[in-house]
4 protein chains.
Amino acid sequence: MVLLYKEFFTALLMTRSALITRYLAVRNRTLEIVDPLLDEDLCVQSMPETSPVKWHLGHVTWFYENFILRHYERSYAPFHEVFGKMFSSYNTFGQPTPDSNRGLFTRPSMKVTWKYWRVIDQRIKKVLNSSKDDEMLDMLVVLGLQHEQQHQELILTDVKHLFSQNPLNPCYKPFNLIPSEKTLPVEWRRFAGGVVEIGFHGPGFSYDNESPRHKVYLPKYELASRLVNNGEYLEFMKADGYKDPSLWFTEGWDWLKANKRRSPFYWRESSKGWEEFTLGGVMPLDLDLPLVHISLYEADAFARWSGARLPTEAEWENAASRQDVHGSFAENNRFHPCSAKKSISVDEQDELLQIYGDTWEWTQSSYSPYAGYNPAKPNPKEPMSLVWDEAVGEYNSRSMVNQYVLRGGSCVTPVTHIRASFRNFLPAKTCWQFSGIRLARDVKSNA
Amino acid sequence: MVLLYKEFFTALLMTRSALITRYLAVRNRTLEIVDPLLDEDLCVQSMPETSPVKWHLGHVTWFYENFILRHYERSYAPFHEVFGKMFSSYNTFGQPTPDSNRGLFTRPSMKVTWKYWRVIDQRIKKVLNSSKDDEMLDMLVVLGLQHEQQHQELILTDVKHLFSQNPLNPCYKPFNLIPSEKTLPVEWRRFAGGVVEIGFHGPGFSYDNESPRHKVYLPKYELASRLVNNGEYLEFMKADGYKDPSLWFTEGWDWLKANKRRSPFYWRESSKGWEEFTLGGVMPLDLDLPLVHISLYEADAFARWSGARLPTEAEWENAASRQDVHGSFAENNRFHPCSAKKSISVDEQDELLQIYGDTWEWTQSSYSPYAGYNPAKPNPKEPMSLVWDEAVGEYNSRSMVNQYVLRGGSCVTPVTHIRASFRNFLPAKTCWQFSGIRLARDVKSNA
Amino acid sequence: MVLLYKEFFTALLMTRSALITRYLAVRNRTLEIVDPLLDEDLCVQSMPETSPVKWHLGHVTWFYENFILRHYERSYAPFHEVFGKMFSSYNTFGQPTPDSNRGLFTRPSMKVTWKYWRVIDQRIKKVLNSSKDDEMLDMLVVLGLQHEQQHQELILTDVKHLFSQNPLNPCYKPFNLIPSEKTLPVEWRRFAGGVVEIGFHGPGFSYDNESPRHKVYLPKYELASRLVNNGEYLEFMKADGYKDPSLWFTEGWDWLKANKRRSPFYWRESSKGWEEFTLGGVMPLDLDLPLVHISLYEADAFARWSGARLPTEAEWENAASRQDVHGSFAENNRFHPCSAKKSISVDEQDELLQIYGDTWEWTQSSYSPYAGYNPAKPNPKEPMSLVWDEAVGEYNSRSMVNQYVLRGGSCVTPVTHIRASFRNFLPAKTCWQFSGIRLARDVKSNA
Amino acid sequence: MVLLYKEFFTALLMTRSALITRYLAVRNRTLEIVDPLLDEDLCVQSMPETSPVKWHLGHVTWFYENFILRHYERSYAPFHEVFGKMFSSYNTFGQPTPDSNRGLFTRPSMKVTWKYWRVIDQRIKKVLNSSKDDEMLDMLVVLGLQHEQQHQELILTDVKHLFSQNPLNPCYKPFNLIPSEKTLPVEWRRFAGGVVEIGFHGPGFSYDNESPRHKVYLPKYELASRLVNNGEYLEFMKADGYKDPSLWFTEGWDWLKANKRRSPFYWRESSKGWEEFTLGGVMPLDLDLPLVHISLYEADAFARWSGARLPTEAEWENAASRQDVHGSFAENNRFHPCSAKKSISVDEQDELLQIYGDTWEWTQSSYSPYAGYNPAKPNPKEPMSLVWDEAVGEYNSRSMVNQYVLRGGSCVTPVTHIRASFRNFLPAKTCWQFSGIRLARDVKSNA
């Protein structure tokens with residue numbers, strides 16, 4: 001999920017000094033996120049799908065080194081010859097070691113990794129401060145910062161998984177234990193549909209998978225006014241939702257049996273009742289908080305049991321694009337979703353609570369290219385367009401099979417990373433990301 | 001893929017005597033298809049995804065017994081108590097043995113299985129001849145026949161796979177070796193798009209996944225005038241198409257490496273050059289014949305390499321619904337696709353050759369419910385609607401994740417089984433079905 | 001397990017006419033064993049470790065064709081070029097298809113396979129009748145017959161496994177349901193030990209793994225007077241033998257949990273209590289019959305629980321070689337072990353009941369070469385010694401790792417196939433062979 | 001491999017003050033071994049068969065806490081309630097987490113783990129200094145020290161594996177690069193055999209699997225005067241040893257193909273020729289150094305190719321017990337085997353070079369109980385015998401299936417841990433331990 005949509009790119013460009021300010025802010029934020037962790041925590045990979053934090057740190061550093069310094073420093077030399085191989089995720093740059101081996105790299109030590117970080121940081125700042133206006137340089141820095149923000153989110157999800165495997169139940173960062181507010185009742189917001197447009201329209205940054213903006217036809221539909229909460233999901237469980245194959249995709253039922261699932265991934269039953277593992281440690285399950293960390297299989301089964309369904313991504317975007325991006329994001333440093341409370345900032349009639357932040361929302365839409373999508377090709381006459389292509393080329397549309405779209409960002413997503421058109425995508429079985437449910441339903445044509 | 005769309009159902013009903021004629025024809029066709037096979041051929045299961053032909057025969061028989069005789073015979077008794085368990089594919093009827101064990105059932109012998117077939121056949125005919133007008137009975141018989149036609153196709157695909165594993169290269173049925181006609185060159189047929197309707201509109205039979213008919217918005221697009229042929233795919237292979245990861249979905253690339261694929265599933269390289277295993281035995285590869293038996297991964301990689309893409313199912317249906325259903329189907333008893341030849345039956349301008357028959361055509365659309373789709377619920381006040389629900393209930397929409405839609409039928413599909421709205425669906429890795437490629441491409445908005 | 005021990009071989013040679021008589025008897029016995037089976041039963045492979053009966057039939061035929069006719073027919077031509085590939089188990093003859101694919105060969109049909117059998121049979125008889133005295137020819141025929149006897153046993157074990165997977169519980173051959181005699185109580189037979197000799201000493205046929213006869217030192221020991229019976233094993237189960245990890249090898253405990261074992265392989269619990277699947281169908285569990293079809297893991301756990309242990313193969317042979325070979329073998333056509341009854345043919349003092357026949361007896365000895373074992377090498381000056389080596393060479397000692405020795409033959413072994421020195425060997429997890437337990441124990445040195 | 005053989009135990013007891021001296025030495029040695037490692041190196045587990053160093057450190061500490069302090073401190077309280085679960089390898093103490101998850105425990109931090117180490121260490125010393133004569137206490141301390149020595153060896157093997165997975169090729173501790181002395185030629189030492197005794201005979205410490213001392217009969221045999229070296233193994237490789245299935249166990253051949261092996265585990269081919277990964281980093285392959293890190297499969301194939309065989313463990317012990325324990329052990333801090341050089345300390349006639357130290361020597365003997373072996377049972381009347389049993393009980397003989405015996409210790413074994421009767425055991429596929437080859441051969445009876 002990487003290619004920038006060039007058409008609107010120029011519009012996002014800030015002054016160089018504004019860019020430098022932003023650069024400093026993003027890089028500093030990564031340091032804040034890593035701060036509560038020990039060197040041991042940074043080194044370990046808890047499953048093949050996750051990466052060690054040290055790798056994330058090395059990788060975002062390598063990104064700046066490889067795509068910027070390599071081209072903008074006059075007498076560029078790599079910090080370490082092997083780091084490209086160890087910290088790259090690109091098949092085209094060296095032959096990277098298998099992703100699942102990243103946790104075996106106890107060396108470089110954190111001491112050396114931080115040195116790598118600091119040295120490259122200094123060199124990037126020097127380039128930014130000394131080079132003249134250069135649109136491509138600015139674009140590459142913006143890309144690097146977006147890339148780093150993605151990894152900020154991944155660091156949090158990966159640490160959560162790692163800590164969840166530890167019998168000591170480590171706490172990444174305590175959060176307020178005050179009982180959440182009583183969730184507001186669900187209301188159904190109706191949308192008229194018809195021919196609407198979805199996809200990014202600038203100005204600002206976006207990935208290529210959000211383009212082109214294009215027309216789709218939507219029938220009339222309704223979305224729930226808030227996310228599904230833990231209490232509602234517990235009702236599903238008590239009604240034997242995990243035992244009735246007719247509620248599940250056949251593939252989901254096989255997954256459930258093979259993995260012996262009977263509750264969401266981070267829920268645990270103890271003598272004290274249901275608890276939830278969070279980045280703040282193990283908490284009693286708060287029924288008013290949004291359900292989070294479920295697979296698409298579970299989301300679909302719950303929706304089916306509720307007599308509703310999951311929204312399509314077009315339905316979601318058509319609704320969400322009417323609201324500003326605000327909500328419970330990583331910036332509030334809670335790293336756990338909040339209960340739905342009445343907003344006063346928008347007209348109550350079509351208010352969609354929690355539409356941004358809190359949890360990613362599964363859609364029923366498989367991840368596929370938009371009508372008219374055309375991965376940008378480098379222009380051989382412009383050498384830096386080749387660099388750009390290198391930086392973004394590997395990711396293009398190679399994930400566009402057997403993955404499903406999620407929308408809206410979560411409580412571990414930086415707020416500046418999200419917009420109505422942003423498309424996240426995951427395999428249906430994924431539940432270690434902060435994923436939740438917003439229900440949708442059809443409107444009878446005469447309604 | 002089973003629920004009938006009730007709304008249009010009444011329109012399809014024929015007279016009882018027409019129905020009996022059709023019943024006799026379909027059942028007789030199954031016997032014709034099985035005729036060239038030995039008892040040993042009927043018993044074996046070549047992989048978990050396929051079933052032994054004997055199981056197919058027992059299963060279609062059980063379908064009539066369980067959903068019709070059980071309700072329409074006054075003093076119904078099952079032919080054999082254990083057969084329900086052995087020949088059912090329904091979780092709700094007995095606890096069926098795992099699908100992958102079907103090939104272990106050397107008993108009942110074929111002698112007993114044929115007796116089962118004949119006895120149930122006699123009893124069904126008796127019910128049909130003696131019972132009065134009964135719409136539900138007729139509907140159930142039609143459903144049984146559609147079901148049997150699906151299994152006719154599966155018998156042929158499963159036998160092809162079985163024979164392909166045998167060093168003796170058995171021949172199911174020889175076909176004409178005369179070199180195929182030179183394929184016509186590809187032309188691009190343009191479609192205006194806009195808001196169009198897709199989905200079944202009667203009269204006649206359809207499955208519930210084809211409904212409701214609904215609006216979609218399509219941008220202007222083009223479809224290739226014919227299927228991709230072997231020669232074109234061989235060019236892709238010669239251009240190292242199987243060696244360039246940038247052409248493949250990441251998941252497809254992993255599949256290719258894990259399975260050591262370097263050509264389509266039934267292609268074989270010998271000292272004499274490329275050959276193709278067919279139901280007529282091993283043949284020299286005919287470059288003018290349509291490419292068949294490829295996965296979605298291969299279809300997408302080829303399209304990418306060609307600078308084109310796969311069509312969406314809406315694009316396909318919008319185009320195909322303009323043409324009558326005719327082409328190379330199972331009825332011509334060749335069981336292998338034919339080369340594209342100029343048709344004289346339709347206006348040449350928008351002719352889509354091979355749009356029906358020859359090979360199923362992969363689309364880029366994941367298999368998901370249509371907007372407004374609503375699985376019919378039984379009406380507790382009408383007992384036979386419960387039977388209907390039993391007969392079709394298990395399949396509803398439980399496959400609607402991680403599968404992709406194919407359209408148009410193939411050379412092993414009965415022609416009476418296909419229509420423009422028919423949706424077949426398979427996992428992306430499948431290549432033992434008769435699947436091929438029709439290319440699509442965007443039209444620049446100013447074109 | 002194949003090389004003949006040449007030193008003693010000449011002693012076994014019979015007259016040519018006696019050899020022909022034996023040839024006819026063995027080959028006819030195979031036909032008797034196959035007689036109750038349908039063509040479907042003959043074709044299917046129920047798991048990778050077993051083979052279809054058709055393959056066994058083709059393989060023993062191919063053995064005669066390849067190792068005798070190929071060398072003794074003046075104008076030899078293979079019956080079918082591909083059969084060598086399909087029916088060989090030798091890496092050195094063609095590149096055989098994977099063992100686990102044998103069940104996919106629905107062709108050749110049984111009709112053709114029987115033709116193969118008859119034609120080769122005729123040609124072998126012609127060679128035997130027309131050729132002059134030829135020690136190597138006679139040796140190869142004897143080898144072929146021993147080989148065929150091994151496959152006679154395997155046909156019965158493989159059919160038992162196949163039928164056990166069928167919900168219809170097919171019966172291969174009914175046997176007497178009269179309750180077995182009450183088992184005699186266990187008595188302990190004491191053996192003095194010291195330096196004893198084990199290994200084959202002629203005259204007669206033996207495999208090379210039984211040689212050379214060599215000295216071993218045995219401490220004083222005791223063997224149980226009979227096999228463990230079902231009733232005793234049921235006590236072990238009731239005492240939570242399958243739930244106490246301290247009774248099991250760590251590897252056995254992992255096996256048990258991975259395979260969810262809680263009883264012997266062919267035992268089944270029904271509303272009527274424990275039953276046992278046999279070649280005579282499903283029978284109520286007879287507590288007085290010998291326990292059969294258990295893994296080494298189970299045998300060892302039971303022995304440990306009993307305060308005893310399994311014998312070593314040297315202890316077994318030292319004891320068994322004092323008794324003649326008689327007991328419950330395949331020839332009595334029961335194909336299920338019998339209860340231990342007092343023998344009157346030997347002196348009661350050291351009588352070991354069931355030491356031959358009934359069930360193979362697990363030993364604690366891993367399968368390894370005897371001291372001084374030396375696989376015979378062909379003599380390049382004697383061309384037929386190369387043939388001999390081909391016929392037996394592949395098997396030599398390549399199985400001598402991670403397998404355990406079983407002794408004494410079973411109720412599906414031909415009695416003429418067994419002697420005190422015969423070594424069978426299987427992986428510890430095997431339970432589809434007719435394997436059981438005889439307990440052993442140490443004798444305190446002052447006893 | 002744990003139970004002490006009590007009979008000889010009293011003989012080993014030293015004075016309390018000698019015991020304290022030994023305690024200090026062993027514990028200090030562990031610190032020396034860990035000293036070159038970073039906190040990150042201590043935390044990671046490179047494969048399920050290995051453990052993180054931190055776990056080894058916590059585990060040996062827990063052993064003292066659980067088996068000594070728990071019983072000898074008046075007001076014992078565990079250091080941390082969860083540590084028993086995390087650092088135990090005993091099923092009977094808590095329900096330990098799966099071995100393969102040990103690398104996920106980034107907490108406790110090393111800081112806390114070292115605190116655990118120091119606190120328990122202080123408390124043990126206090127118990128030792130303050131308690132009166134107590135044979136059981138002394139026995140438990142000796143057992144704890146033997147246990148710690150085993151883990152000292154494992155720390156080195158596990159770190160070697162971990163570092164080998166790192167593209168930076170970390171060096172644990174550099175060692176002398178001076179070319180090794182030219183290996184002495186192999187000579188064959190002859191042993192007369194007959195009835196000999198093997199097994200531990202005191203005084204001193206031994207594990208229960210070395211007892212009882214018992215008689216075995218050995219035919220005359222010969223052992224090679226030194227270990228196989230890299231140069232000899234390279235000859236085997238050049239002679240296509242990895243390509244000829246007739247040299248390999250069938251199981252070994254499957255292993256080789258499945259793992260794509262074509263050389264020993266730590267050998268690497270580069271543009272500069274063959275190299276070897278060592279604890280001193282990557283070195284050019286020294287042909288005169290002993291071959292190390294091979295599986296039993298490779299050892300057997302090499303021996304077969306050489307026209308020799310592997311020794312039995314009885315042959316090995318009968319020969320080795322004539323020599324004192326001296327050689328290249330962990331104490332010389334090289335952690336890599338040395339070339340064979342003429343010894344002057346023993347009579348040259350029957351000198352077996354490298355019989356102790358350098359590399360563990362594979363035998364062809366499967367790991368099984370000695371004749372008369374009888375796991376000691378606790379005496380319910382002596383409470384501390386129950387503790388003893390707890391400490392050693394889980395391991396008894398539960399590994400005695402499908403493992404093979406290795407003898408003699410290696411360059412990472414503490415010299416005080418080894419004796420002629422010491423039995424190490426590993427699965428045949430293991431090659432990450434320091435395992436090598438000494439050849440054996442038969443002597444013709446008339447020789």
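Heavy-atom basis, side chains included; hydrogens, waters and symmetry copies ignored. Throughout, a chain's letter reflects where its sequence line sits, starting with A, and its residues are numbered from 1.
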* To do: Kindly give the heavy-atom pair with the smallest separation between A/A428 and B/N402, and that separation in Å.
  => CB-ND2, 4.2 Å
* Please determine, among A/G372, A/A371, A/S368, A/P219, the option with the most heavy-atom pairs under 4.5 Å with chain B. => A/G372
* With a 4.5 angstrom heavy-atom cut-off, could you sort out which part of B/P427 is near chain A: side chain, backbone, both or neither? => neither
* Asked: Side chain, backbone, both or neither: which part of A/Y221 has an atom under 4.5 Å from a heavy atom of chain B?
  -> neither
* Sort B/L218 into side chain, backbone, both or neither according to what part of it lies under 4.5 angstrom from a heavy atom of chain A. => neither
* Heavy-atom pair with the smallest gap, counting every atom of A/D442 and B/Y373 -> OD2-O, 4.0 Å
* With distance as the sole test, does B/R398 use its side chain to make a donor-acceptor pair with the main-chain N or O of A/W248 at under 3.5 Å? -> yes
* To do: Test B/D300 against A/V401 for side-chain contact (heavy atoms from CB on, under 4.5 Å), laying out the working first.
  => CA-CA 10 Å; B/D300 183 83; A/V401 72; over 6 Å; no
* **Point-to-point distance, once rounded to the nearest 0.5 Å, from OG1 of A/T250 to CE of B/M400** => 11.5 Å
* Asked: What part of B/Y404 gets closer than 4.5 Å to chain A, counting heavy atoms only: side chain, backbone, both or neither?
  -> side chain
* Inter-residue atom distance B/Q364.CD - A/S366.OG, 0.5 Å rounding -> 9.0 Å
